[in-house]
Amino acid sequence: MKIATWNVNSLKVRLPHVLDWLAAHQPDALCLQELKCENKGFPLAEIEAAGYHAVFNGQKTYNGVAILTKEPLADVVYDIPGFADEQKRIIAGTLDGVRIVCGYFPNGQAVGSEKFAYKMAWLEALTGWLKSELQSTPKLVLAGDYNVAPEDRDAHPDWKDEIHVSVPERDAFKALIALGLTDAFRLFEQPERSFSWWDYRLMAFRRNFGLRIDHLLISAPLVDKCSACYTDKEPRKLERPSDHTPVVIELA
DNA sequence: ATGTCGAAACATTTTCGA
């Protein structure tokens, strides 16, 4: 089973890239973030024409998540149960016994800001919910844009902002790991300075001035089954790219 | 210019968020 995650920064703008990528890579599931479109504007016909089912949780202008799958998902959940939130950041479903959770984690803006407090509260709610999800579905993949670079090697050494690399954010990431999850990317040898996001400004992609903030965490029963995890930088080189690249895992 | 991008609206330019 091949599962990928990709923050597309507007599904409307990026739809041609997404359709091309689906055709070329044939993932069993593709988790998308930052749709920036309402459910009524979701391009379902185009995605179905490409041979995919879709579940989606969108809103106007901001946020929005979806999971595209070759086979239909079961037990779909929208938003974190019990966490009151206007922002559409979570969708989950089960595919062949694997619980796939797709998340667009809050950005947080700046350490200490109101948005940072929201980010931390959201992360705590997510962690609490996943604890119970793991009890009912031990095979689980948490895919998405975490907006956290978990270790120093996941950020360009010249990254000066605290946001995405601060201690509280990294502690929240560790709390997810402590649920029994593993960062699939680090199961394998990776090139130095492997990132998944580069700012549009300052020629950041060309300079490889980026962060690794898009992740696939997998639960213990999936670790031995995981045969590969990699980023695909090709879409970042296209005209009008998303600022994020897809990250992929392959499960035997 | 915090040097780009995408969306929205008191809209052909400005604002907000990222």
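None of the values given here were measured: they were computed from a predicted structure. Chain letters run A, B, ... following the sequence lines, proteins first, then strands; residues in each count from 1.
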Exercise. Can you tell me the distance, in whole Å, between the CD atom of A:Glu239 and the C1' atom of B:dT4?
Key: 14 Å

Self-check item: Salt-bridge contact A:Asp145-A:Arg89 (side-chain N to carboxylate O under 4.0 Å)
Solution: no

Quiz item: What's the CG-P distance between A:Asn147 and B:dA18, to the nearest Å?
Solution: 8 Å

Self-check item: Common cluster, A:Ile91/A:Phe105, ILVMFWY with side-chain heavy-atom separation under 4.5 Å
Solution: no

Quiz item: What integer distance in Å separates A:Ile163:CD1 from B:dA18:C1'?
Solution: 11 Å

Exercise. Find the distance A:Asp161:CG to B:dT2:P and express it as a whole number of Å.
Key: 14 Å

Quiz item: A:Ile67 and side chain to side chain contact (heavy atoms under 4.5 Å, CB included): which partner among A:Asn57, A:Thr5, A:Leu73, A:Leu30?
Solution: A:Leu73

Self-check item: Close side-chain approach of A:Asp79 to A:Lys88, heavy-atom, < 4.5 Å
Solution: yes

Exercise. Between B:dA1 and B:dA18, how far apart are the P atoms? Round to whole Å, please.
Key: 24 Å

Quiz item: Relative to the 5' end of DNA chain B, which residue comes earlier, A:Tyr62 or A:Leu202, by the nucleotide with the nearest heavy atom?
Solution: A:Leu202

Quiz prompt | Under 4.0 angstrom between A:Lys60 side-chain N/O and B:dA9 OP1 or OP2 | solution = yes

Quiz item: So does A:Arg240 get a side-chain nitrogen or oxygen closer than 4.0 Å to the phosphate oxygens (OP1/OP2) of B:dG6?
Solution: yes

Practice problem: Could you tell me the separation between the CZ atom of A:Arg201 and the P atom of B:dT2, rounded to a whole number of Å? | Solution: 10 Å

Exercise. Under 4.0 Å between any heavy atoms, over every strand shown, what does A:Tyr104 touch: base, sugar-phosphate, or nothing? Just pick one.
Key: sugar-phosphate

Quiz item: If the C1' atom of B:dC10 is compared with that of B:dC16, how far apart are they to the nearest Å?
Solution: 16 Å

Quiz item: Can you check the A:Lys36 NZ to B:dA8 P distance for me, whole Å?
Solution: 9 Å

Quiz item: Judged by modelled atom types alone, do A:Glu169 and A:Tyr146 share a side-chain donor-acceptor pair under 3.5 Å?
Solution: no

Self-check item: Side-chain heavy-atom pair A:Met1, A:Ile249 within 4.5 angstrom cut-off
Solution: no

Quiz item: Starting at CG of A:Asn63 and ending at P of B:dA8, how long is that distance when rounded to a whole Å?
Solution: 13 Å

Exercise. Could you state the atom-to-atom distance from CZ of A:Phe209 to P of B:dG3 in whole Å?
Key: 12 Å

Exercise. Return the nearest nucleotide to the side chain of A:Thr61; candidates are B:dC5, B:dA8, B:dA18.
Key: B:dA8

Quiz item: Using Watson-Crick and G-U wobble pairs whose two distances are both under 3.5 Å, how do you write the pairing of DNA chain B as dot-bracket, with | for links to another strand?
Solution: ...((((((...))))))

Quiz item: How far does the C1' atom of B:dA11 sit from the matching atom of B:dG6, given to the nearest Å?
Solution: 15 Å

Practice problem: Between B:dA7 and B:dT12, how far apart are the C1' atoms? Round to whole Å, please. | Solution: 16 Å

Quiz item: Should the pair A:Asp183-A:Arg212 be classified as a salt bridge under the 4.0 Å nitrogen-to-oxygen rule?
Solution: yes

Practice problem: Could you say whether A:Asp199 or A:Leu35 is positioned toward the 5' end of DNA chain B, judged by the nucleotide with the nearest heavy atom to each? | Solution: A:Asp199

Quiz item: For the side chain of A:Tyr52 and the backbone of A:Leu19, is there at least one donor-acceptor N/O pair under 3.5 Å apart?
Solution: no

